[in-house]
Protein chains: 2
Amino acid sequence: MVAGASGDRAAEDLTARARIRDAALRLFAERGIDGASIRDIAAEAGVSSGLVRHHFGSKEALRDACDSYAMDRLDEIRGELFREGHINSGFMIETHPAVMRLQRYLARSMMDGSDRATAMFDRNLRLGEEWIAQQGITVTDPRAYMGVMMVMQMGLFTMHEQLSRVLGADVRETEGYVRMARGLVDFYSHALLSPEIAAELHATLERLQHGSPTGGARHTARPKEYDDDRGDPR
Amino acid sequence: MVAGASGDRAAEDLTARARIRDAALRLFAERGIDGASIRDIAAEAGVSSGLVRHHFGSKEALRDACDSYAMDRLDEIRGELFREGHINSGFMIETHPAVMRLQRYLARSMMDGSDRATAMFDRNLRLGEEWIAQQGITVTDPRAYMGVMMVMQMGLFTMHEQLSRVLGADVRETEGYVRMARGLVDFYSHALLSPEIAAELHATLERLQHGSPTGGARHTARPKEYDDDRGDPR
DNA sequence: CGACGGGCTACACGTGTGTATAGTGTGCTG
DNA sequence: CAGCACACTATACACACGTGTAGCCCGTCG
């Protein structure tokens, strides 16, 4: 069970090194990598800032250790939840409270530029594409479909504070989680766009793609003004 | 048209003050509020760092000015797009390239703790709830449904760099935008969960909500360990 | 018992930050 | 022309940051 996996690491987690890593995971996720200082993390873990360096060498190495730990734990917990059959849908596993803390850290780490987390994202994207093919789901652009779905799901993690606030309960605790999960199930089980409107939108996009005279500007060129209008779809 | 609104401000935007604001919008969105220094912004705008302070008083005031500007421009552009009828669905307006840059900034600003952006989020959430009621859409928990949808949509903005990377084209330019929009339309027009599975998940959540013995821990209490398992749904 | 090694702390250093202030040039007004 | 308001720059200050180093405490082993 999930508690077992945590228990396996209980002895190790009593060490200062583990306390530092846990504090780092929490603060990095909350404030971002740059936003959480080594001194903050040390204070959170109840040790001196020098000890952080002693155990991990540098802030970047500490972040790497957090990345590795989060990814490993994530795989373990996902495996356990899957084996126990606690969750009926793969989509829901990703928002399981125990998983969510780690997902939240990884999302933030990727946002702040982690190669490891980015690689994991890419791997999951490929797995998702394969899954789509296996399920026989027919979409216009499998990669775009899966990419959009994944980054949107990540909004649940990066914006989890805002979500918890409007729901009136922390989504990492049972009460808030249940509310969020209900919204999520409703969201995934209702098609908001009718086939007619969807077809209409696809036609519009088709026109935009081929008829647009604005294709000259590439993303490598940085615009001088922020709100330039080269994307005007007329 | 959209270009008109930009044109109206063209003269004003030639001023150093406007260049600073535009540079701040860009760098704040890219690196976060703390990640973009006043000196960076000044260099990006081609002025001295002192001038930033002269025009805006403080970094916090500069950020406030950016919040206000982004929100005002967003309202203008949304209004224009709506009046011109360029977009067939309200969902798509939010991902229009011209809107996306501003949305991206506001999402990041809210993530980094902006009261103004948070207030706008709350306002849009209320509007969304009203819209759900008007449309006669029946969901288990309208607020949770709308909240989940909004934070997920925000993932498109906060993770737009990753999305652009896997799509091979900047989603703020036409090519990448079209790919993203196609994925989005597919996502919104297909129900991934069948009614049966959705009912099953709702039943599981019902059981979890009432039968869980783990409700003692509240989000006000900060756990000592990061990966505690109080959220175990057994 | 004495030496050793690792967990751990205290403190110093250089850098980049937001902020503050003094000063420069320039165009407009009386 | 004198004076002044304004956009703008240069420089300084205090502070927090990541990093580096010296040393303390204490259990272990020869």
Side-chain angles (χ1 to χ4, degrees), chain A residues 9-67 69 105 108-109 111-115 224-225, chain B residues 9-67 69 105 108-109 112-116 224-225:
Chain A
R9 295 174 177 267
E12 174 193 337
D13 279 359
L14 291 176
T15 68
R17 183 186 161 89
R19 287 206 315 277
I20 292 170
R21 188 235 300 128
D22 289 343
L25 279 164
R26 191 159 44 233
L27 292 188
F28 280 157
E30 267 176 29
R31 312 177 190 175
I33 308 299
D34 286 342
S37 73
I38 289 186
R39 286 170 175 83
D40 289 342
I41 293 168
E44 185 84 0
V47 299
S48 74
S49 67
L51 190 61
V52 176
R53 176 168 167 75
H54 173 69
H55 276 303
F56 294 93
S58 72
K59 190 178 186 180
E60 194 55 32
L62 170 59
R63 180 235 191 93
D64 270 357
C66 288
D67 283 356
Y69 178 78
Y105 166 78
R108 184 68 200 231
S109 182
M111 237 181 76
D112 289 357
S114 158
D115 292 339
K224 204 60 190 165
E225 285 199 353
Chain B
R9 295 175 177 267
E12 173 193 338
D13 280 359
L14 291 177
T15 66
R17 182 186 163 90
R19 287 205 316 277
I20 293 170
R21 188 234 301 129
D22 289 343
L25 278 165
R26 190 159 44 233
L27 292 188
F28 280 157
E30 266 176 31
R31 312 176 191 176
I33 308 298
D34 285 342
S37 74
I38 289 186
R39 285 170 176 84
D40 290 342
I41 293 168
E44 185 84 1
V47 299
S48 74
S49 67
L51 191 61
V52 176
R53 176 169 166 76
H54 173 70
H55 276 304
F56 294 93
S58 73
K59 191 178 186 180
E60 193 54 34
L62 170 60
R63 180 236 191 93
D64 270 357
C66 288
D67 283 355
Y69 179 78
Y105 165 78
R108 184 70 202 229
S109 183
D112 289 357
S114 158
D115 292 340
R116 312 275 299 271
K224 203 61 191 164
E225 286 198 353

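A note on names: the letters A, B, ... follow the listed sequences, proteins ahead of strands, and every chain is numbered from 1.
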Trainee: How is A:Ile38 classified with respect to the nucleic acid when contacts are heavy atoms under 4.0 Å: base, sugar-phosphate, or nothing?
Mentor: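 It contacts sugar-phosphate atoms only.
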Trainee: Nearest-Å distance, CZ (A:Phe56) to C1' (C:dC8)?
Mentor: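 Computing the A:Phe56:CZ to C:dC8:C1' distance gives 14 Å.
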Trainee: Tell me the interatomic distance from A:Asp34, atom CG, to D:dT19, atom P, rounded to whole angstroms.
Mentor: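 One finds 11 Å between P of D:dT19 and CG of A:Asp34, rounded.
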Trainee: Would one find a side-chain N or O of A:His55 under 4.0 angstrom from OP1 or OP2 of C:dC8?
Mentor: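 Answer is yes, contact under 4.0 Å.
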Trainee: Tell me whether B:Arg17 forms a cation-pi arrangement with B:Phe56, defined as NZ or CZ under 6.0 Å from the six-membered ring centre and within 45 degrees of its axis.
Mentor: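 Here B:Arg17 passes the 6.0 Å and 45° test against B:Phe56.
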Trainee: Below 4.0 angstrom, N of the basic side chain to O of the carboxylate: do B:Arg31 and B:Asp40 qualify?
Mentor: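 Salt bridge between B:Arg31 and B:Asp40, a charged N being under 4.0 Å from a carboxylate O: yes.
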Trainee: Whether B:Ser37 contacts C:dT17 is assessed here as follows: a side-chain N or O lying under 4.0 Å from the phosphate OP1 or OP2. Is that the case?
Mentor: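 True: B:Ser37 side-chain N/O within range (under 4.0 Å) of C:dT17 OP1/OP2.
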Trainee: Calculate the interatomic distance between A:Leu27 atom CG and D:dA16 atom C1'; express it in whole Å.
Mentor: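 Atom CG in A:Leu27 sits about 16 Å away from atom C1' in D:dA16.
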Trainee: Output all residues satisfying side chain to side chain donor-acceptor pair (under 3.5 Å) with A:Asp67, sequence neighbours left out; order by chain, then residue number.
Mentor: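 If we apply the side chain to side chain donor-acceptor pair (under 3.5 Å) test to A:Asp67, skipping adjacent residues, the hits are A:Tyr105, A:Ser109, A:Ser114.
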Trainee: Counting distance alone, no hydrogens or angles: does the base of C:dG18 have a donor or acceptor under 3.5 Å from a partner atom on the side chain of B:Arg53?
Mentor: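 By the distance-only test, no, there is no pair.
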Trainee: Rounded to whole Å, please give me the gap between CZ in A:Phe28 and C1' in D:dC17.
Mentor: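 Computing the A:Phe28:CZ to D:dC17:C1' distance gives 13 Å.
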Trainee: For the residue pair A:Arg63 and A:Phe28, establish whether any side-chain heavy-atom pair is separated by less than 4.5 Å.
Mentor: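 A side-chain contact exists here, since the closest heavy-atom pair is under 4.5 Å.
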Trainee: Take the protein atom CD1 of B:Ile20 and the nucleotide atom P of C:dG18, then report the distance between them rounded to whole Å.
Mentor: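 Nearest whole value for this atom pair: 14 Å.
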Trainee: Go through D:dC8, D:dA12, D:dC17 for me and flag the one nearest to the B:Leu51 side chain.
Mentor: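 So the side chain of B:Leu51 is nearest to D:dC8.
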Trainee: Starting the side chain at C-beta, find the nucleotide from D:dG18, D:dC8, C:dC8 nearest to A:Ala16.
Mentor: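 Minimum distance to the A:Ala16 side chain belongs to C:dC8.
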Trainee: Hey, what do you get for CG (B:Asp34) to CG (B:Asp112), rounding to the nearest 0.5 Å?
Mentor: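 B:Asp34 CG to B:Asp112 CG: 6.5 Å, rounded to 0.5 Å.
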Trainee: With respect to the phosphate group of C:dG7, does any side-chain polar atom (N or O) of A:His54 fall under 4.0 Å of OP1 or OP2?
Mentor: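 So the side-chain polar atoms of A:His54 do come within 4.0 Å of the phosphate oxygens OP1 or OP2 of C:dG7, strictly under.
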Trainee: Base, sugar-phosphate, or nothing: which does A:Ser58 touch, judged by heavy atoms less than 4.0 Å apart?
Mentor: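 Here A:Ser58 touches the backbone only, sparing every base.
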Trainee: Give the rounded distance in Å between these two atoms: NZ of B:Lys59 and P of C:dT17.
Mentor: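 Interatomic distance, NZ of B:Lys59 to P of C:dT17: 9 Å.
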Trainee: What is the distance from CG of B:Asp40 to C1' of C:dG18, rounded to the nearest Å?
Mentor: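 Going from CG in B:Asp40 over to C1' in C:dG18 covers 13 Å.
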Trainee: Starting from the 5' end of DNA chain C, give me the residue, A:Arg39 or A:Gly46, whose nearest nucleotide shows up first.
Mentor: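 Its nucleotide being nearer the 5' end, the pick is A:Gly46.
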Trainee: For A:Ile41 and D:dC17, what is the distance between atoms CD1 and P respectively, to the nearest whole Å?
Mentor: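 One finds 11 Å between P of D:dC17 and CD1 of A:Ile41, rounded.
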